[in-house]
K.L.:
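Have a look at the structure that comes next, please.
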Amino acid sequence: MTKYNHLKIEKKWQKLWSKKGVFKVKEDAVKPKYYVLDMFPYPSGAGLHVGHPKGYIATDVVARMKQMQGFNVLHPMGWDAFGLPAENYAIQNKIHPAEAVKKNVATFKKQLELLGFTYDWDKEINTTDPAYYKWTQWIFLQMFKKGLAYESFAPINWCPSCQTGLANEDLEEGKCERCGSLVEQKPIRQWVLKITDYAERLLNDLDKLKNWPEAIKEMQKNWIGRSEGADVDFKIKNFDLKIKVFTTRPDTLFGATYCVIAPEHELMSKLQPEIGNWQEVSIYIEGAKHKTALERTDLAKNKTGIELKGIKAINPVNNEELTVFVADYILAGYGTGAIMAVPAHDSRDYEFAVKYGIPIKEVVVPVGENQKLNIKNQNDNSKLKNENNELKSKVQSSKPQIIFEKDGIAVNSGFLDGLPTKEAKEKMIKWLEDNKFGERKVNYKLRDWVFSRQRFWGEPIPLIKCEKCGWVPVSENDLPVELPKVKSYTATGTGESPLSAIEKWVNTKCPKCSGPAKRETNTMPQWGGSCWYYLRYIDSQNDKALVDKDKEKYWSPVDFYVGGAEHATRHLIYARFWHKFLFDIDAVNYDEPFNRLQNVGLILAEDGRKMSKRWGNVINPDDVVKQYGADAMRVYEMFMGPFNQPCAWNANGLIGAKRFLDKVWFLQDKVDKKLVVSGKIDSLVHQTIKKVTDDIETMRFNTAIAKMMELVNEMNKETVISVSNFKFLISILSPFAPHICEELWAELGGKELLILSLWPKYDEKSVMAETTVIVIQVNGRVRDNIEFQTADISEEVAKEAALSSESVKKYINGTEIKKIIYVKNKLLNIVI
RNA sequence: GCCGCGAUGGCGGAAUUGGUAGACGCACAGGACUUAAAAUCCUGCGGCUUCGGUCGUGUGGGUUCGAUUCCCACUCGCGGCACCA
């Protein structure tokens with residue numbers, strides 16, 4: 001037999017598959033469908049490294065098996081090509097972003113094609129194609145019309161290096177996720193999407209996603225950050241104003257000893273005339289403004305604040321006068337931007353109270369301790385002040401008496417005394433509502449999505465500002481609003497997009513009154529186009545509608561979605577939001593886009609670090625394909641370890657995969673066409689078919705391959721193997737190593753392509769082993785293995801055999817047998 | 001700090017409705033073939049051992065005839081969030 005020449009074979013079959021169009025998607029609604037999707041790549045200038053295709057190989061394995069199982073498979077690929085990296089790359093290389101994208105896409109496509117994927121390139125999409133972003137703009141317009149897109153002037157995250165505003169989701173520890181610069185708070189005019197309107201549904205519907213990893217759902221839950229509580233109004237003494245606070249612990253209202261207002265709170269300017277130390281306060285407020293997100297985090301351990309002299313807040317439950325502070329440990333953007341502070345039961349308030357000598361009043365004790373407690377004088381603040389040091393030492397030493405953020409029993413709390421926290425909360429909320437001091441309230445950490453970028457390379461926001469009519473949507477007939485051709489697309493840094501300098505493009509007519517008007521010059525963020533691309537694959541040429549609803553009904557939802565976990569709180573939450581909106585306006589049939597999600601574990605470099613140009617440890621798949629072949633690379637990446645776990649690249653492991661394929665190649669010499677039954681191999685073959693089928697379904701590729709290796713090792717020990725057994729082997733191996741398997745299939749005289757043949761079904765009877773081995777234990781220690789020639793062994797038979805075993809007798813040695821435990825067909829434990 | 005996940009040979013990893021720990025691969029060692037090397041094939045491969053055994057799945061306890069698997073306490077590592085009231 002000739003040598004296994006991967007270079008020749010792989011090219012040959014790739015050409016033939018393409019020529020015969022075996023991966024062309026058929027709109028054949030009779031067959032069951034299977035939509036398997038990768039998170040589409042961002043075509044960077046660097047090209048692919050070996051880590052990128054790992055997920056694509058996995059979906060390809062699934063797609064190939066599903067195709068052979070008779071499914072109508074949609075397994076598409078496309079490009080997420082708008083955004084800062086393309087623009088920055090273009091600026092650095094002094095070419096137009098569109099040129100850069102074109103070049104990079106060509107490189108990526110060429111690299112992917114070497115790996116033998118089943119993509120139907122007729123379905124290829126590109127988010128920067130005007131025919132595509134026409135519909136991205138269309139979705140934005142629908143949101144605008146429903147009041148879900150609004151203009152805002154509030155301070156947002158500003159990256160001074162990228163010179164654009166960013167969403168909360170785009171930050172990493174207070175730094176720009178892209179370039180690592182410290183992010184500032186800057187008031188920039190911006191468009192914001194009301195994702196918070198969907199917070200409740202985005203949270204609740206996570207329960208529907210049974211086939212998503214729990215970790216991702218947990219991350220989304222935390223990101224949405226729902227908390228229940230109440231808004232409470234504190235009147236300000238001698239002044240017709242009130243401080244509205246949000247608390248999750250209305251049951252601790254009797255323990256409130258001060259209030260805090262965020263520096264940015266609008267109440268500050270209203271209170272100004274009454275604040276005795278305004279100068280000092282205003283300096284503090286100015287200082288807070290200039291702190292970056294990171295500085296604020298760093299200062300978390302050392303809270304600062306200024307007392308507002310002359311301002312007293314009245315606690316509605318007991319009319320106590322409370323000191324009011326301004327402090328930047330309170331965030332303007334969360335809740336009401338002001339709090340009631342209960343230092344005894346909140347560690348942050350506690351820290352602040354200790355620092356500024358504010359009374360600490362205990363109003364919740366652990367269950368069972370309320371009886372023992374001496375009721376302290378509730379009104380004697382000076383006494384409480386003196387107790388601060390005592391309480392402090394209590395907290396810091398041994399077991400704290402004060403309980404933070406935990407449930408217990410209410411004490412010192414008037415009408416709540418003796419109630420467990422849960423009931424106390426309810427009673428207090430009812431009291432607040434009855435007396436009009438507040439109401440039940442739910443808050444979310446999730447912020448509205450800052451959706452505009454002050455950069456060139458993004459979808460133009462399709463709005464026009466008319467002096468008379470205000471913001472007017474571009475007529476849907478005039479979509480897409482295309483990016484103009486320009487010489488300079490460098491960021492202005494003024495808070496306006498580079499588009500604002502292009503007067504010809506900016507100046508236009510109002511669609512409503514035909515008067516003079518100007519286009520919005522901000523563009524959409526990179527995450528816009530990726531919010532709905534999975535719908536475009538279904539109907540990639542549609543110019544009349546976002547997606548044909550019948551086609552959508554057939555193909556949606558995506559059956560299986562594979563991609564990196566880093567998208568948990570960005571793409572995956574944005575896409576769910578848009579999809580739910582599209583469902584609401586009746587553009588799609590289902591309210592969740594992705595039925596099953598699987599995360600791909602990162603491939604690290606051999607040195608254990610991330611693959612990066614910076615470390616010089618990048619491995620290019622082209623080189624691997626050339627030296628060992630696409631099949632070897634596919635098998636290796638699937639065999640490395642559990643699919644969703646990170647794993648370091650190992651060149652020797654790759655050689656192992658190649659060796660395995662060599663063994664399979666030479667097995668063909670052992671195929672005997674006359675052989676019908678090959679004894680014990682038959683049983684192993686069927687076990688392997690079962691295991692590989694199940695393991696591909698559950699993404700346990702490593703164990704699927706291990707089982708096939710075991711089978712190949714056994715086959716190698718035989719002098720001859722049957723045609724049918726060898727065909728079974730190459731059929732189930734073909735999703736992993738499609739080229740070599742097609743070649744072997746053809747060598748065996750297969751008339752049709754292997755990919756067009758049927759996936760093997762295992763024979764239930766053959767899976768069962770012909771003999772049974774039972775482990776014999778004495779006191780839980782293995783003392784013997786007994787082989788029986790039948791499949792089903794009764795307890796009596798097993799017992800008899802065990803007791804007559806010489807090695808077992810030795811251990812029993814006449815001792816009384818207390819108990820015998822029999823696990824059917826597996827194990828017998830004799831207890832003495 | 002909070003939430004989630006994890007820890008098994010020299011290495012990547014297998015095995016969990018509790019039932020033979022270390023499948024499969026890599027590395028390594030010995031052998032065969034070869035003038036030689038590569039490739040390939042065969043054998044061995046957790047520690048200790050008086051070769052009978054015995055100890056071993058991050059640590060310390062517990063439940064059980066039996067624990068990598070279940071329970072309690074802890075250590076370390078990874079990921080996410082981070083003054084969210």
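Computed over heavy atoms, backbone and side chain alike; hydrogens, waters and symmetry mates excluded. Just so it is clear: chains get the letters A, B, ... in the order the sequence lines come, proteins before strands, and each one is counted from 1.
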K.L.:
Anything under 3.5 Å between a protein N or O and an N or O of nucleotides 14-16 of chain B, put it in a table, one pair a line.
P.N.:
residue : atom : partner   : partner atom : Å
A14(B)  : OP1  : Asn702(A) : ND2          : 3.1

K.L.:
Side chain of Phe639(A) only, heavy atoms from C-beta on: which candidate in A23(B), C3(B), G25(B) is closest?
P.N.:
G25(B)

K.L.:
Between residues 223-231 of chain A and RNA chain B, which residues have a heavy-atom gap below 4.0 Å?
P.N.:
Trp223(A), Ser227(A)

K.L.:
If the condition is side chain to side chain contact (heavy atoms under 4.5 Å, CB included), which residues does Asn599(A) pass it with, not counting sequence neighbours?
P.N.:
Pro213(A), Ile216(A), Ala565(A)

K.L.:
Between N or O atoms, less than 3.5 Å apart, protein on one side and nucleotides 41-49 of chain B on the other: list the pairs.
P.N.:
none

K.L.:
Suppose we screen for side chain to side chain contact (heavy atoms under 4.5 Å, CB included). Which residues come up paired with Arg226(A), at least two apart in sequence or across chains?
P.N.:
Glu200(A), Leu203(A), Glu228(A), Val442(A), Tyr444(A)

K.L.:
Would you mind writing out the side-chain donor-acceptor pairs for residues 642-650 of chain A within the sub-3.5 Å range, not counting sequence neighbours?
P.N.:
residue   : atom : partner   : partner atom : Å
Asn650(A) : OD1  : Asn652(A) : N            : 2.8
Asn650(A) : OD1  : Gly653(A) : N            : 3.4

K.L.:
Using the side chain to side chain contact (heavy atoms under 4.5 Å, CB included) criterion, which residues pair with Ala704(A)? Sequence neighbours excluded.
P.N.:
Val692(A), Asp695(A), Phe736(A)

K.L.:
Polar atoms only, N or O, under 3.5 Å: list the protein pairs with nucleotides 64-68 of chain B and their distances.
P.N.:
residue : atom : partner   : partner atom : Å
C65(B)  : OP1  : Lys819(A) : NZ           : 3.4
C65(B)  : O2   : Asn829(A) : ND2          : 2.3

K.L.:
Over all strands shown, is Val782(A) touching base, sugar-phosphate only, or nothing at heavy-atom distances under 4.0 angstrom?
P.N.:
sugar-phosphate

K.L.:
What stems show up for RNA chain B when you take Watson-Crick pairs (N1-N3 plus N6-O4 or O6-N4) and G-U wobbles (N1-O2, O6-N3), both under 3.5 Å, and require three or more consecutive pairs?
P.N.:
B:1-7 with B:75-81, B:10-12 with B:24-26, B:28-32 with B:40-44, B:46-48 with B:53-55, B:58-62 with B:70-74

K.L.:
May I ask you to check if Lys303(A) and Tyr329(A) form a cation-pi contact, with NZ or CZ under 6.0 angstrom from the six-membered ring centre and within 45° of the axis?
P.N.:
yes

K.L.:
Among Ile573(A), Ile195(A), Thr196(A), which one satisfies side chain to side chain contact (heavy atoms under 4.5 Å, CB included) with Trp449(A)?
P.N.:
Ile195(A)

K.L.:
Please name all residues satisfying salt bridge (charged side-chain N to carboxylate O under 4.0 Å, His left out) with Asp694(A), sequence neighbours left out, ordered by chain then number.
P.N.:
Lys690(A)

K.L.:
Could you pull out the protein-nucleic contacts involving nucleotides 51-53 of chain B (nitrogen or oxygen on both sides, under 3.5 Å)?
P.N.:
residue : atom : partner   : partner atom : Å
G53(B)  : OP1  : Tyr811(A) : OH           : 3.2
G53(B)  : O5'  : Tyr811(A) : OH           : 3.0

K.L.:
Among all residues two or more places apart in sequence or in another chain, which pass the side chain to side chain contact (heavy atoms under 4.5 Å, CB included) test with Asn168(A)?
P.N.:
Asn157(A), Trp223(A), Arg447(A)

K.L.:
For atom P, what is the distance between G80(B) and U43(B), given to the nearest Å?
P.N.:
46 Å

